[in-house]
Protein chains: 2
Amino acid sequence: MIRKLESIFTLSEDERHALQTLPMQVVAIKTDQAIVREGDSPSRACLILSGFACTYKVTAQGKRQIVSFNLPGDLPDLQSLHLTVLDNSISTISPCSVGFIQHEDLRDICERYPRLTAAFWRETLIDAAIFREWVLNVGRRDAYTRMAHVLCELLTRLRAVGLVEDHACDLPITQGEFADAIGVSTVHVNRVLQQLRADGLIELTGDRLKVPDWDRLKEAGEFDPTYLHLESNQAAA
Amino acid sequence: MIRKLESIFTLSEDERHALQTLPMQVVAIKTDQAIVREGDSPSRACLILSGFACTYKVTAQGKRQIVSFNLPGDLPDLQSLHLTVLDNSISTISPCSVGFIQHEDLRDICERYPRLTAAFWRETLIDAAIFREWVLNVGRRDAYTRMAHVLCELLTRLRAVGLVEDHACDLPITQGEFADAIGVSTVHVNRVLQQLRADGLIELTGDRLKVPDWDRLKEAGEFDPTYLHLESNQAAA
DNA sequence: CGACCTGTTGATACTCGTCAATCTGAGTGG
DNA sequence: CCACTCAGATTGACGAGTATCAACAGGTCG
């Protein structure tokens with residue numbers, strides 16, 4: 001969490017220490033397990049310590065739409081601090097280590113360190129900015145561009161928390177999950193990925209993504225990292 | 001703003017009074033005028049007093065995606081309080097009266113009435129919830145359902161601020177704007193609206209929307225107002 | 001009155017979904 | 001150590017939903 005918060009906010013020593021000593025229940029969770037469900041009213045927030053999760057909603061016809069990938073350092077249901085009933089579900093998509101923090105502890109630390117209120121608020125505002133970008137992505141881009149865009153976002157966010165080396169990273173996301181994220185069918189994801197590979201924009205095998213030409217992938221995905229609101233210019237790297 | 005905040009948060013007398021005496025510059029703005037633009041770093045937030053506006057982003061190819069309609073009482077760029085550079089534009093889509101409130105005045109009132117921080121934070125969290133629902137709407141529903149859903153949302157939000165009478169309301173939104181909101185072409189919006197009319201779900205002429213059968217429209221749009229997080233059960237009305 | 005924006009309609013083309021079969025690789029148990 | 005299983009990836013054929021293009025109608029406003 002610290003690393004993630006510091007990628008979007010500058011913390012003082014005291015604040016960092018307060019965060020580090022926050023009581024937290026750590027749990028190991030397998031792949032494809034629900035962390036929270038739509039309709040829940042949790043009394044604690046979850047923090048992804050390692051592994052990947054996703055936030056999603058489901059149509060009346062049972063179609064799933066992933067609205068966000070949750071990466072290490074993310075607080076994907078921080079909203080529950082002020083919205084009593086959850087309007088989305090969160091599940092792991094790889095083995096995860098998840099920390100649970102009581103709402104009362106979060107409220108307490110925010111009261112003692114008012115700047116942390118701003119930091120957490122800012123975190124939720126960036127989530128909202130990502131949702132906005134996804135509405136644009138799903139609403140107005142074709143499947144090829146959409147896919148490239150999502151890959152750019154993932155790479156940039158992973159880089160911000162130190163999980164990218166040499167333009168390569170672990171990416172435990174299936175084609176079915178990508179399909180639910182960009183709003184197309186699994187079959188079409190497969191074809192688009194092959195096209196991206198054929199165009200030399202990505203090397204994606206198993207759980208590993210490598211990007212030989214970041215500039216061209218950015219261009220293909222119409223990717224401008226401004227909406228991620230990262231503090232330093234890690235995005236440019 | 002008061003009316004809107006009270007639809008999602010219970011205010012005390014003091015808090016209401018503080019909000020009512022907040023310094024605000026009121027400006028009349030014509031249709032299709034920018035209020036703020038992507039890339040701006042405003043030092044004030046805007047409040048829609050009357051009229052309709054929309055938040056949108058634009059693709060590299062120049063395609064527009066509306067990510068939210070801004071109704072009277074909304075604070076559509078409240079995010080700028082903690083995100084310095086805006087990642088979206090806001091324009092009017094009807095003649096509007098807009099109030100501008102300095103960020104410093106908002107910070108000041110939040111410091112004096114800490115519960116207002118929570119109220120404003122909550123407001124931005126509900127915006128995020130709406131974005132999530134829109135990702136689902138655009139990503140996983142067909143045009144007919146999408147259109148019905150957006151109409152349900154508009155009607156519900158307008159009802160929360162007292163702008164609906166007898167299941168009818170003013171709705172100064174063109175078919176081109178609906179198209180940009182639900183991610184389809186203008187032509188297709190036209191056809192879908194005709195279908196909705198033919199099915200007896202809506203009466204939409206000029207700037208006026210009437211809903212003869214709310215339950216059937218809700219069903220057609222797979223609409224569940226939970227994600228709007230309204231305080232009282234106005235949604236059910 | 002003419003310009004213009006919005007709404008409407010028809011014809012045609014294309015992106016992408018669906019269905020169904022096959023293939024691959026990573027476990028798992030005997 | 002190998003057959004078995006199963007999830008995920010891949011491929012082809014076909015169809016549905018929607019985009020695009022183009023033309024025209026109706027209302028508004030300078």
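All heavy atoms count here, side chains included; hydrogens, waters and symmetry mates do not.
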Between A:E177 and B:D142, which residue's closest nucleotide on DNA chain D lies nearer the 5′ terminus? A:E177
Using atom NE2 of A:H188 as one end and atom C1' of C:dC14 as the other, report the distance to the nearest whole Å. 11 Å
State whether A:R197 places a side-chain N or O below 4.0 Å from either non-bridging phosphate oxygen (OP1 or OP2) of D:dT10. yes
Interatomic distance where CG belongs to B:L204 and C1' belongs to C:dT6 [whole Å]: 13 Å
If you look at every strand shown and take non-hydrogen atoms under 4.0 Å, does A:T174 touch a base, only sugar-phosphate, or nothing? sugar-phosphate
Determine, for A:K63 against A:D180, whether the closest basic-nitrogen to carboxylate-oxygen distance falls under 4.0 angstrom. no
Of the non-hydrogen atoms in B:Q175 and B:L193, which two are nearest, and what is the gap between them? NE2-CD1, 3.7 Å
Mind calculating the distance between CZ (B:F178) and C1' (C:dT8) to the nearest angstrom? 17 Å
Check this for me, if you would: do B:R159 and B:E165 make a salt bridge, where the nitrogen-to-carboxylate-oxygen distance has to be below 4.0 angstrom? no
Picking from C:dG7, C:dG10, D:dT11, the nucleotide nearest the side-chain atoms of A:N190 would be D:dT11
Nucleotide nearest A:V187 (side chain, heavy atoms from C-beta), chosen from C:dC16, D:dT20, C:dT18: C:dT18
A:D207 CG to D:dG8 C1', straight-line distance once rounded to whole Å: 11 Å
Considering only D:dT10, D:dT20, C:dG17, which nucleotide approaches the side chain of A:Q194 most closely? D:dT10
Salt bridge A:E203-A:R197, side-chain N to carboxylate O under 4.0 Å: no
Select base, sugar-phosphate, or nothing to describe what A:G183 touches, counting heavy atoms under 4.0 Å on all strands. sugar-phosphate
Would you mind reading off the distance between B:R140 atom CZ and D:dT18 atom P, rounded to a whole angstrom? 13 Å
Do the ring planes of A:H149 and A:Y227 sit parallel (below 30°), tilted (30 to 60°) or perpendicular (above 60°)? parallel
Can you tell me how far P of C:dG17 sits from CD of A:Q175, to the nearest Å? 14 Å
Whole-Å gap separating P (D:dT10) and CG (A:L193): 8 Å
Go through C:dG7, C:dC16, D:dT20 for me and flag the one nearest to the B:R191 side chain. D:dT20
Just the rounded figure in Å: distance from C1' of C:dG17 to CZ of A:R146. 12 Å
